[in-house]
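Below is one structure, written out as structure tokens; the observations come after it.
Both ligands and their constituent atoms are indexed starting at 1 by order of listing. Residue indices begin at 1 and follow the sequence shown.
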Amino acid sequence: MTQLLITGAATADGNRTDLFVRDGVFAPPSEAGADVERIDADGLLALPGLVDLHTHLREPGREDAETVATGTAAAARGGFTAVHAMANTDPVTDTAEAAEYVLGLGEREGHCQVVPVGAVTKGLAGEELAELGLMATSRARVRMFSDDGRCVSDSLLMRRALTYARTYGGVIAQHSQDPRLAGPGACCHESEISGRLGLPGWPSQAESVIVARDVQLAELAGARLHVCHVSTAESVDVIRWAKRRGIAVTAEVTPHHLLLDTPLVEGFDTTFKVNPPLRTSEHLEAVREALADGTIDAVATDHAPHARQDKDHPFDIALPGMLGLEQALAVVAEVMVNTGRMDWPTLVERMSATPARIGRLAGQGRPVAVGEPANLVLVDPAARAVVDGAASASRSRNNPYHGRELPDPVVATIWAGTVTYRR
Ligand code: DOR
């Protein structure tokens, strides 16, 4: 196994330190031999490997858009050492066998830990609960369940799912989208812009009414709820209320909902079609503030690769979703750290420690310290570059940051003691 001495890095809180990686853990640097491989990390930050709660790896079923190998290579480039693989694959991850299959793909081909997410309902159809217990007790040890891409809109089913998940220490991660208020054709934030463009819009309340219902169901069931991709000020208000009340709710925001706003759809570029849709600046401000104050617990990418033939369509029928893994840290650094809204230790909480806790991942999100698993991202806080979407490790090209100047922070990623990416 790799032995590696990293010299001169600083931890998130600014303490300079040497790090010695041996047998997958951090060992005392004094034990490193003279001939050990070295990385000079002077001027770099050594942060715990990032953990993504929300990744679409598309395998099995849509290997033309992404595979476990290509998606996790993108994750490694983005500084991630673990990703949660969403269940909306083909077949859907709604059985223990399917979850173990995804786990096995990750073990064989992953450039980071792949954590299977189980579907809440069979086939994501929203009618009958999937095998939550069997998935939880399988070798895949599923702890997060989600029909992401679709909302569990039936209140009774949602209540039952929360109750079951609780039995296994699990969490229901909800895609909050009222299917009547935001019907299948809705593809844009309902606003003056959607009206002018003639695009069916969905109001921010189609998200927050489901969040409001679900936090109350979580309270009723005494269970954990996780709100996926929060995009509206109203959802933030509801989550703030629920947390004050002591309800076990956590929430995530995507990098794109922190940075990108509704006017980007005016060119009908389907790269900017995503669900929930890009919102207006008031909503962006609300989610930024909520991430800073902890109302929103985590950043999650919703990395959603799509093949060209699924994006090259009129805006209203193209598939929704955009890439996120490779530029996630860059966007959070730009929007939150470089503006003074957040410091690096808080960023580590939101992108590593807290998501690991929400996903119940024992060996992830740990401090960079002797005896801990060697999951690490080396970050250059000053580097900047223009994003080249064509250079992505992902198999897809729906990169919403292409051509934009952003921080270029990730210098190297180390997962369980192995270098998975090095610039
Ligand atoms: O835009 C999205 N794309 N939102 C989702 O919730 C699902 C995702 C996908 O799977 O493509």
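Looking only at atom types and distance, the side chain of H54 has a donor-acceptor partner in the side chain of D302 under 3.5 Å away.
Taking a cutoff of 4.0 Å between a charged side-chain nitrogen and a carboxylate oxygen, E107 and R139 qualify as a salt bridge. A salt bridge links R245 with E219; the closest basic N to acidic carboxylate O contact falls under 4.0 Å. Electrostatic pairing of D297 and R357 does not count as a salt bridge here, judged by no charged N lying under 4.0 Å from a carboxylate O.
Separation of the H283 and H257 ring centroids does not fall under the 6.0 Å cut-off. The six-membered or imidazole ring of H175 lies near that of H229, with a centre-to-centre distance under 6.0 Å.
Using a 4.0 Å heavy-atom criterion, the residues that approach ligand 1 are H56, R58, N88, D148, G149, H175, H229, V274, N275, D302, A304, H306, P320, G321.
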